[in-house]
Protein chains: 2
Amino acid sequence: MPRTGLDPAAVVAAAAGLADEVGLANVTMGLLAKRLGVRAPSLYKHVDGQADLNRRIAVLALTELDDALRAALQGRSGREALAAAARTIPTYVVEHPGRYAATIRIDADGPGGPIVAAGARVLDSLSAVLAGYRLDPADTVHALRLLRSLFHGFAVLEAAGGFELDTDVGESFEWLIGFVDRGLTVTAATPHRREHHAGHEEGQR
Amino acid sequence: MPRTGLDPAAVVAAAAGLADEVGLANVTMGLLAKRLGVRAPSLYKHVDGQADLNRRIAVLALTELDDALRAALQGRSGREALAAAARTIPTYVVEHPGRYAATIRIDADGPGGPIVAAGARVLDSLSAVLAGYRLDPADTVHALRLLRSLFHGFAVLEAAGGFELDTDVGESFEWLIGFVDRGLTVTAATPHRREHHAGHEEGQR
DNA sequence: GGGGCTTGGCTAATGCTATTAGCTATAGGC
DNA sequence: GCCTATAGCTAATAGCATTAGCCAAGCCCC
């Protein structure tokens with residue numbers, strides 16, 4: 001039994017590739033082992049079972065996604081940056097559906113965990129998009145959540161083939177970017193008009 | 001072996017409840033059978049295996065969600081309708097995470113399938129929200145996709161506990177509704193200015 | 001009211017999955 | 001050139017979905 005020279009990174013990379021090819025759910029230890037020219041139990045010398053494997057794929061995916069985002073944002077700002085970021089995410093999801101799926105079905109990972117850290121870097125990159133709009137600081141968190149929800153939702157629905165109608169998805173995408181861009185622009189111009197949420201503190205000021 | 005009086009609907013209902021309690025992934029045939037006071041193989045007399053069960057849960061969830069949406073939209077329009085719809089979805093997802101999860105991990109279902117039909121009804125309800133804004137018809141499809149992506153993304157992220165920051169999620173939610181409402185209002189006022197997508201047809205006109 | 005067919009429930013068996021235990025031989029440090 | 005840590009192996013266990021084949025409960029119709 002010759003040493004194959006495996007290490008955790010190689011196992012995770014192979015698993016990620018396999019996930020993109022056959023779907024995350026179909027990545028069995030046996031199949032992955034075969035891909036690596038090894039028997040299934042040997043994988044446990046490198047990763048700590050399937051849950052751990054999923055977590056590592058998720059970290060890989062978030063890291064790659066963040067790299068792609070940073071590259072796309074290089075030298076852009078404002079609407080350009082927004083469009084670039086918005087395009088990057090669905091592109092990644094379509095190219096690497098298995099990897100991205102791993103980021104969704106995470107089985108918890110403490111606040112200090114590597115998944116959260118990798119996710120935080122992605123959030124930082126998205127924040128960079130917002131920086132160009134010079135929002136009121138009080139609006140920034142909300143806008144960030146808007147972008148996250150929107151990009152995530154759009155990417156997932158597109159990857160799942162959820163848009164049945166025949167109107168071109170790319171066209172919707174451009175429309176959507178324009179919509180958000182205009183919205184953020186006027187938000188920046190009229191900073192933080194405090195919405196009277198559900199009746200609290202109306203009246204004065 | 002007394003007849004228990006099961007039928008497909010009862011099995012699906014039990015499975016949906018179980019999914020909400022223990023998570024969709026942990027709904028095993030054995031556990032479901034135990035819940036129903038029956039042995040696992042007996043379930044196959046009512047349901048065609050696990051894939052079929054998932055599909056049926058998805059249809060149930062989409063139907064319930066649509067009912068909730070219609071109820072919430074009764075007598076409302078414009079921003080009121082938007083807010084009501086937007087609130088309904090995350091509420092449903094938080095209350096029925098297992099059921100909603102089933103709608104995401106669907107393993108395809110032909111264009112005529114019941115899942116697609118149920119999804120279409122939800123889309124119709126969302127369309128009703130847009131009706132109040134009197135958008136240019138050319139904008140409607142895009143706006144619909146915006147709402148879907150946004151609501152879906154927000155609901156999933158909230159249910160997954162994806163919003164780490166300490167700023168109140170409810171506050172973000174109100175902010176987000178205001179953002180979309182303002183955006184849709186101005187879109188209605190300046191109908192369908194054709195975006196020059198990616199460089200095509202600029203110049204004249 | 002009884003005979004027969006439909007059918008919902010059962011047990012037993014198969015095959016796939018992840019995972020653990022314990023062995024062996026290899027590669028690198030000295 | 002040995003010694004040790006360890007990458008890989010085989011064998012075994014346990015949980016899962018699913019199929020095959022049996023049996024009795026209940027309903028329809030006479």
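Just so we're on the same page: letters track the sequence lines, and every chain starts at 1.
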Mind calculating the distance between CE (A:M29) and P (D:dA14) to the nearest angstrom? 20 Å
Comparing A:T28 with B:V38, nearest DNA chain C nucleotide closer to 5' gives the residue B:V38
Rounded to the nearest angstrom, tell me the gap between atom OH in B:Y44 and atom P in D:dA17. 6 Å
To the nearest angstrom, how far is B:N26 atom CG from D:dG15 atom P? 15 Å
Counting any heavy atom closer than 4.0 Å, what does A:S42 reach on the DNA or RNA strands: base, sugar-phosphate only, or nothing? base
Hey, which sits more toward the 5' end of DNA chain D by its nearest nucleotide, B:Q50 or B:K45? B:Q50
Considering only side-chain heavy atoms of B:P41, which listed nucleotide, D:dA11, C:dA18, D:dT19, is closest? D:dT19
Starting at atom CG of A:L31, determine the distance to atom P of C:dT17, rounded to an integer number of angstrom. 8 Å
In whole Å, what is the span from the CG atom of A:L53 to the P atom of C:dT17? 15 Å
Between A:R35 and A:E21, is there a side-chain N and carboxylate O pair less than 4.0 Å apart? yes
A:L36 CG to D:dC9 P, in whole Å, measures 11 Å
Atom-to-atom span, CG of B:L43 to P of D:dC16 - whole angstrom: 14 Å
Run the salt-bridge test on A:E174 and A:R87 with the 4.0 Å N-O cut-off and return the result as yes or no. yes
Rounded distance (Å) that lies between atom C1' of D:dT6 and atom CZ of A:R39: 19 Å
Hey, what's the ring geometry for B:F154 with B:F173, parallel, tilted or perpendicular (30° and 60° as the breaks)? tilted
Of C:dT11, D:dA7, D:dT10, the nucleotide closest to the side chain of A:H46 is D:dA7
A:Y100-A:H96 aromatic ring centre distance below 6.0 Å: no
